[in-house]
Amino acid sequence: MSDQPGTNKINKQADLLVVNHLKKYFPVKTGVLKRVSGHLLAVDDVSFSVKSGETLGLVGESGCGKTTIGRTILRLTEPTAGSVNFDGKEVFDLKGDALKALRRDMQIIFQDPYASLDPRLRIGNSVMEGLEIHKIGNKQDRYQMAVDMLKKVGLEDYHSRRYPHEFSGGQRQRIGIARALTLKPRFIVCDEPVSALDVSIQSQVLNILKDLQDEFGLTYLFIAHNLGVVEHISNRVAVMYLGKMVELADRDELFRSPLHPYTQALMSAIPIPNPKLKRERIILKGDVPSPLNPPTGCRFHPRCPIAVAECALKEPPFVEKKPGHSVACWLA
Amino acid sequence: MSVTPATQTRDTILEVKNLKTYFFTEDGVVKAVDGVDFSVKAGEVLGLVGESGCGKSVSSFSILRLVGVPGKIVEGEIFFEGQDILKLSKDEMVKMRGDRISMIFQQPQSSLNPVFRVGEQVAEVLELHKGIKKKEAWARAVELLTLVGIPDPKKKAYAYPHELSGGQAQRVIIAMALALSPKLLIADEPTTALDVTIQAQILDLINELREKTDTAVILITHDLGIIAETADRVAVMYAGEIVEFANVEPIFEKPLHPYTQGLIGSIPVLGNVVARLEVIPGLVPNLIDLPPGCRFEPRCLLRQKYGLEVCARREPELVEVTKNHKVRCWLYTDSDEHSAPLKVE
């Protein structure tokens, strides 16, 4: 069944990335004068760490802030508050060359393999672009490195002379992976890397991501809405709801005994491909509220099947209930 | 009116026979649907499952005759309650759509008109098809919005589509689709654009309404989990053809076609972690330039295992190998040049 190679080893390993009280508010401007009329609380006080060599899965529904976390860690958007420490360096304090050097170590794979490649660049050139920016090797070396990396993701060297439109979605996503890997990063944010792909192609890409992790000792922050995919690839899993982290635990612990009612509902909502399995489904009422004006107290309380009066008044802290299993719920 | 064919039993409401829908493009003829047969019984959910480009959506568009240029239904018959839809006049077809066959689409927001209140849009269906007066139609629209679980329906009927969430918009679409109590509802990826907790709500609603109204549903999806939990019978499509057709339980317990097996093995299933997912090697064939034999042959691992030569040369037929279980594969059917290695008893 579950044999994640080296799970125990990872548990003893040091934190590669530590996120502390991260906040990202987007100002909302209205009217002709573009006055700031409010803030969209995309990420609101989130703390977690990622251990060296592990995959941390980050799940939640649209608008929960999972993508914003990934982008803020890489400083693709600037944070509102909080800190991110990567291998001893304060990411938000870095500037200029130091920031550029950091970017070699931290890469991202995007969701949309169609939008993330320059349509006018041949694939080989696209993949070696990062090497050029960081002035690694001469032109010939760089091209060779790009071709080698393309081979690692299952493409041939003649593919390097082709343009993005000549590839299928799964192939483009593999090119995206090759592009992220040429700089030999240590940490990769995978932002919904397989959700645009058909299932038979999805498994090809997931297997490649696992193989590359073993080969290069990569650390992943794996962002996805598909719990099946996250369970398959992650060592630990964090669940987000409306800008808050509501639960974080080891993969098996989280999926066997979820503590937060939102995690429980989310799991019961996933259709399982087994027609004999008749489950009692927890159907949540209503829609996810707007992050512009989140509910008071616990943000999940208007949809929570077990909420009590207290939940609407006070926000539950994110605390460790069992070793390695944290949850933000008054009733857990 | 056409004559009811002898094969049609009383409770079959839709029968599709040898349907071929091709698209005539500059690059060549795209055989999007290439000889598809299936039937739908009253009150059942037929699942059509397959990956992008397998022809599942084009099949359903063909049933409503919504295939536009450069596409064309080149062959086949579609009997709905005994009438061949393909022989109806344009006006008769307009009457048929919405009245007896309805459809809901993947993107709820783009199926609604952005400049009309949602109540008006639901009422319009009733005014046009039933000749109900405006005021009465509005009241009925509010009833329908209540039925599909729109919160505060009286007020929400005055809302414009942009004021609704994705889940609410899909509920409005379902209200419109059910306004005339159709006999058949075609749901094309109805929850793909929605979050999982909202998806659960919508699937629950479709199930509930089916039980109440006895409407048959053709559910088109790429999600095998949704199929397992919702469908009664399943057709698996690949490259424009049905490759396997059976009741839902045998499809998941004893899938016969190597493609169905690969598809089921390649999904990470919640609560069942495997070290490595199965992979179907290669890519879906180009529908302009199809392989001469079985369309799955270039990706088929079982063909290699059993060393079948016939697969690359001749196309297998969709054959019933056990009761109510059809498969299109030479592993289970003899030809004059080979003996099938995997016969099902």
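Just so we're on the same page: letters track the sequence lines, and every chain starts at 1. No hydrogens, no waters, no symmetry mates; every other heavy atom, side chains included, goes into these values.
There is a side-chain donor-acceptor pair under 3.5 Å between A:E192 and A:S195. Using modelled atom types and a 3.5 Å distance limit, the side chains of A:H159 and A:E166 yield no donor-acceptor pair.
Within the 3.5 Å criterion, the main-chain N or O of B:I242 finds a donor-acceptor partner in the side chain of B:R328. Under a 3.5 Å cut-off, the side chain of B:R171 and the backbone N or O of B:V148 do form a donor-acceptor pair.
For B:E278, the part sitting under 4.5 Å from any heavy atom of chain A is the backbone (N, CA, C, O) and nothing else. Both the backbone and the side chain of A:D287 come within contact range of chain B, each with at least one heavy atom under 4.5 Å from a heavy atom of that chain. When heavy atoms are compared at a cutoff of 4.5 Å, A:S62 approaches chain B by way of both its backbone and its side chain. With a 4.5 angstrom heavy-atom cutoff, B:I227 does not touch chain A via any of its atoms. Of the atoms belonging to A:I283, it is side-chain heavy atoms, and not backbone ones, that fall under 4.5 Å from chain B. When heavy atoms are compared at a cutoff of 4.5 Å, B:I267 approaches chain A solely by way of its side chain, counted from C-beta outward. Of the atoms belonging to B:Q199, it is side-chain heavy atoms, and not backbone ones, that fall under 4.5 Å from chain A. Heavy atoms closer than 4.5 Å to chain B are found in both the backbone and the side chain of A:I270. Only the side chain of A:Q202 has a heavy atom closer than 4.5 Å to any heavy atom of chain B.
Taking the six-membered ring where the residue is Trp, A:F300 and A:Y241 present perpendicular rings, their angle passing 60° and hence far from 30°. Ring geometry for B:H162 against B:Y160 counts as parallel: the plane angle stays under 30°, on a 0 to 90° scale with 60° as the upper cut. Between B:Y238 and B:Y259, the ring planes lie tilted relative to each other; the angle falls in the 30° to 60° range.
Here A:E156 does not pair with A:K151 in a salt bridge; the nearest charged N to carboxylate O distance is not below 4.0 Å. Electrostatic pairing of B:R295 and B:E241 counts as a salt bridge here, judged by a charged N lying under 4.0 Å from a carboxylate O. Electrostatic pairing of B:R276 and A:D211 counts as a salt bridge here, judged by a charged N lying under 4.0 Å from a carboxylate O.
The candidate with the highest count of non-hydrogen atom pairs below 4.5 Å against chain A, out of B:P281, B:G167, B:S165, is B:S165. Ranked by non-hydrogen atom pairs under 4.5 Å with chain B, the options A:G169, A:G228, A:A265 are led by A:G228. Heavy-atom pairs under 4.5 Å with chain B peak, among A:H225, A:K285, A:R281, at A:R281. Top candidate by heavy-atom pairs under 4.5 Å with chain A, chosen from B:L224, B:V284, B:T197, B:I280, is B:T197. Ranked by non-hydrogen atom pairs under 4.5 Å with chain B, the options A:N207, A:L206, A:L266, A:I282 are led by A:N207. Interface remark: of the candidates B:L283, B:L203, B:D223, B:L283 forms the most heavy-atom pairs closer than 4.5 Å to chain A.
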